Amino acid sequence: MKAIVYTEYGPPEVLQLTEVENPAPKDNEVLIRVHAASANPADWHLMRAEPFLARLENGLLKPKNPRLGADLAGRVEAVGRNVTQFQVGDDVFGSMPLNELGAFAEYVCANEETVALKPARLTFEQAAAVPLAAFTALQGLRDKGQIQQGQKVLINGASGGVGTFAVQIAKSYGTEVTGVCSTRNLDTVRSIGADHVIDYTREDFTKNGQQYDLIFDAVGNRSVSDYQRALSPNGICSVAGFTSLSRLFQVMLLGGKKIGLMETAKANKKDLVIIKELLETGKVVPVIDRAYPLSEVPEAIRYLEEGHARGKVVITVEHNNKT
Ligand SMILES: NC(=O)c1ccc[n+]([C@@H]2O[C@H](COP(=O)([O-])OP(=O)(O)OC[C@H]3O[C@@H](n4cnc5c(N)ncnc54)[C@H](OP(=O)(O)O)[C@@H]3O)[C@@H](O)[C@H]2O)c1
């Protein structure tokens with residue numbers, strides 16, 4: 001089968017479309033014929049080994065796992081003998097653990113606990129756009145953010161992969177949502193349900209006198225004192241991303257109890273089912289910016305790295321012997 005492989009760290013040019021052996025499912029795994037995948041910042045962090053700490057997990061000099069791609073949607077082709085939840089022919093979606101990436105490929109084996117039945121109303125591309133970004137939004141808002149109905153919630157980076165899910169998931173909790181994005185994305189952020197939008201090129205949300213019960217930051221470009229100014233007295237700030245190591249360390253060291261990094265998002269069945277229900281009821285609709293074929297994963301990653309995707313960047317996987 002064809003897969004995207006990288007054997008050294010570096011820019012998108014290190015990614016090669018290569019013939020590799022077809023995977024075979026272990027007892028608790030399903031073999032999935034991938035129809036679509038999606039790109040996440042995790043892919044380019046691992047590809048470049050940036051920040052440098054990524055090397056501690058993925059290999060000091062070269063990648064231990066030469067494959068990328070977390071999110072996928074596709075059809076079950078075979079099941080391991082202990083698999084109970086799926087059968088051949090099921091359409092599924094899900095996310096591979098960060099140390100087992102490999103969705104940028106024609107086939108992948110996944111533990112049955114990491115996938116769920118694809119909502120019928122979603123295309124493969126739409127379903128593949130969801131898992132990691134939606135896990136991040138859900139876990140950041142709920143676990144670190146302690147989101148409650150009726151709160152005033154601000155999403156920084158509301159137009160990105162994570163942000164577009166965060167706006168919709170925060171709305172599903174019955175909150176009043178303000179989305180921060182640039183001018184060209186104001187309409188998109190309004191269209192997915194934000195009650196208010198702030199154009200960061202014209203207004204600084206930390207200096208307009210407004211305060212929020214919960215700030216979910218999918219950019220990570222603000223100082224601790226900025227967050228403090230924009231938080232109500234008991235407010236919580238949950239930070240998912242960071243734009244520099246100094247921002248990261250400042251939040252870790254000076255944030256205190258109320259301002260802090262969310263834990264790294266974890267793929268798990270319970271949350272995948274929660275997200276699936278939000279998709280099935282139409283409370284969450286994936287926003288897709290662009291789709292690239294498997295052979296153009298390097299271009300897709302290059303585009304994502306620019307940091308201005310509107311929603312998700314997806315990969316479509318064509319099969320020559322398509323039925
Ligand atoms: N903690 C975790 O487990 C976890 C998991 C997944 C992702 N993350 C992190 O979360 C962050 C977001 O991920 P993502 O997938 O959403 O990335 P993304 O899709 O690349 O985000 C791009 C978005 O960021 C917006 N943006 C850029 N600069 C901005 C600014 N100054 N103010 C407001 N918005 C700005 C862009 O909007 P404009 O074009 O309008 O500027 C664009 O829509 C990344 O840092 C990623 O590494 C963390």
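What you are looking at is a predicted structure, and each value in this text was computed from that prediction instead of being measured. Counting convention: from 1, in listed order, for ligands and their atoms alike. Nothing fancy with the numbering, it's 1 onward along the sequence.
A cation-pi arrangement is not found for Arg67 relative to Phe104, the charged atom failing to lie both closer than 6.0 Å to the ring centre and inside a 45° cone about the ring normal. A cation-pi arrangement is not found for Arg229 relative to Phe205, the charged atom failing to lie both closer than 6.0 Å to the ring centre and inside a 45° cone about the ring normal.
Residue contact annotation: Ala309 has a non-hydrogen atom under 4.0 Å from ligand 1. Taking 4.0 Å as the cut-off, Ala218 counts as a neighbour of ligand 1 on heavy-atom distance.
Contact annotation: for Thr136 versus ligand 1, heavy atoms closer than 4.0 Å belong to the side chain alone. Under 4.0 Å from ligand 1, the heavy atoms of Asn221 that appear belong solely to its side chain. Counting heavy atoms closer than 4.0 Å to ligand 1, residue Asn156 contributes side-chain atoms (C-beta onward) but none from N, CA, C or O. Contacts between Ser182 and ligand 1 below 4.0 angstrom, taking non-hydrogen atoms only, involve backbone and side chain alike. Residue contacts with ligand 1 for Arg184 involve side-chain atoms from C-beta outward but no N, CA, C or O (heavy atoms, distance under 4.0 Å).
From the protein, the heavy atom lying nearest to atom 1 (N) of ligand 1 is Ala240 O, 3.3 Å. Of all protein heavy atoms, the one lying nearest to atom 19 (O) of ligand 1 is Gly161 N, 2.9 Å. Nearest protein heavy-atom neighbour of atom 27 (C) of ligand 1: Gly307 O, 3.5 Å. Looking only at heavy atoms of the protein, atom 23 (C) of ligand 1 is closest to Gly160 CA, 3.5 Å. With respect to atom 39 (O) of ligand 1, the closest heavy atom belonging to the protein is His308 ND1, 2.8 Å. In this structure, atom 41 (O) of ligand 1 lies nearest to the protein heavy atom Tyr200 OH, 2.3 Å.
Atom CG of residue Leu46 and atom CZ of residue Arg55 lie 11.5 Å apart, to the nearest 0.5 angstrom. The CG atom of Asp217 lies 10.0 Å from the CZ atom of Arg247; values are rounded to the nearest 0.5 Å.
The closest heavy-atom contact to atom 16 (O) of ligand 1, among the options Val180, Asp43, Val162, comes from Val162. Looking at Ala133, Ser238, Pro41, it is Pro41 that brings a heavy atom closest to atom 44 (C) of ligand 1.
Every residue two or more places apart in sequence or in another chain was checked for a salt bridge (charged side-chain N to carboxylate O under 4.0 Å, His left out) with Lys152, and none qualifies.
Which parts of ligand 1 touch His45 is read off a 4.0 Å heavy-atom cut-off, strictly below it: atoms 47 (O). Atoms of ligand 1 lying under 4.0 Å from at least one heavy atom of Ser159, given by number and element, are 36 (C), 37 (O), 40 (O), 42 (C), 43 (O). Taking every non-hydrogen atom of Ala265 and a distance limit under 4.0 Å, the qualifying atoms of ligand 1 come out as 2 (C), 3 (O). Residue Gly157 has at least one heavy-atom neighbour below 4.0 Å for each of these atoms of ligand 1: 33 (C), 34 (N). Residue contact check: Gly241 has heavy atoms under 4.0 Å from atoms 9 (C), 10 (O), 11 (C), 45 (O) of ligand 1. Residue Thr264 approaches ligand 1 through these ligand atoms, each under 4.0 Å from one of its heavy atoms: 3 (O).
Judged purely by atom type and a 3.5 angstrom limit, Thr114 has no side-chain atom pairing as donor or acceptor with the backbone of Ala110. For the pair Lys118 (side chain) and Leu122 (backbone), a donor-acceptor distance under 3.5 Å is present.
Evaluation of the ring pair (Phe, Tyr, Trp, His ring centres under 6.0 Å) test over residues 109-139, restricted to residues two or more places apart or in two chains, returns His35-Phe124.
The shortest N/O to N/O separation between Arg310 and ligand 1 does not fall below 3.5 Å.
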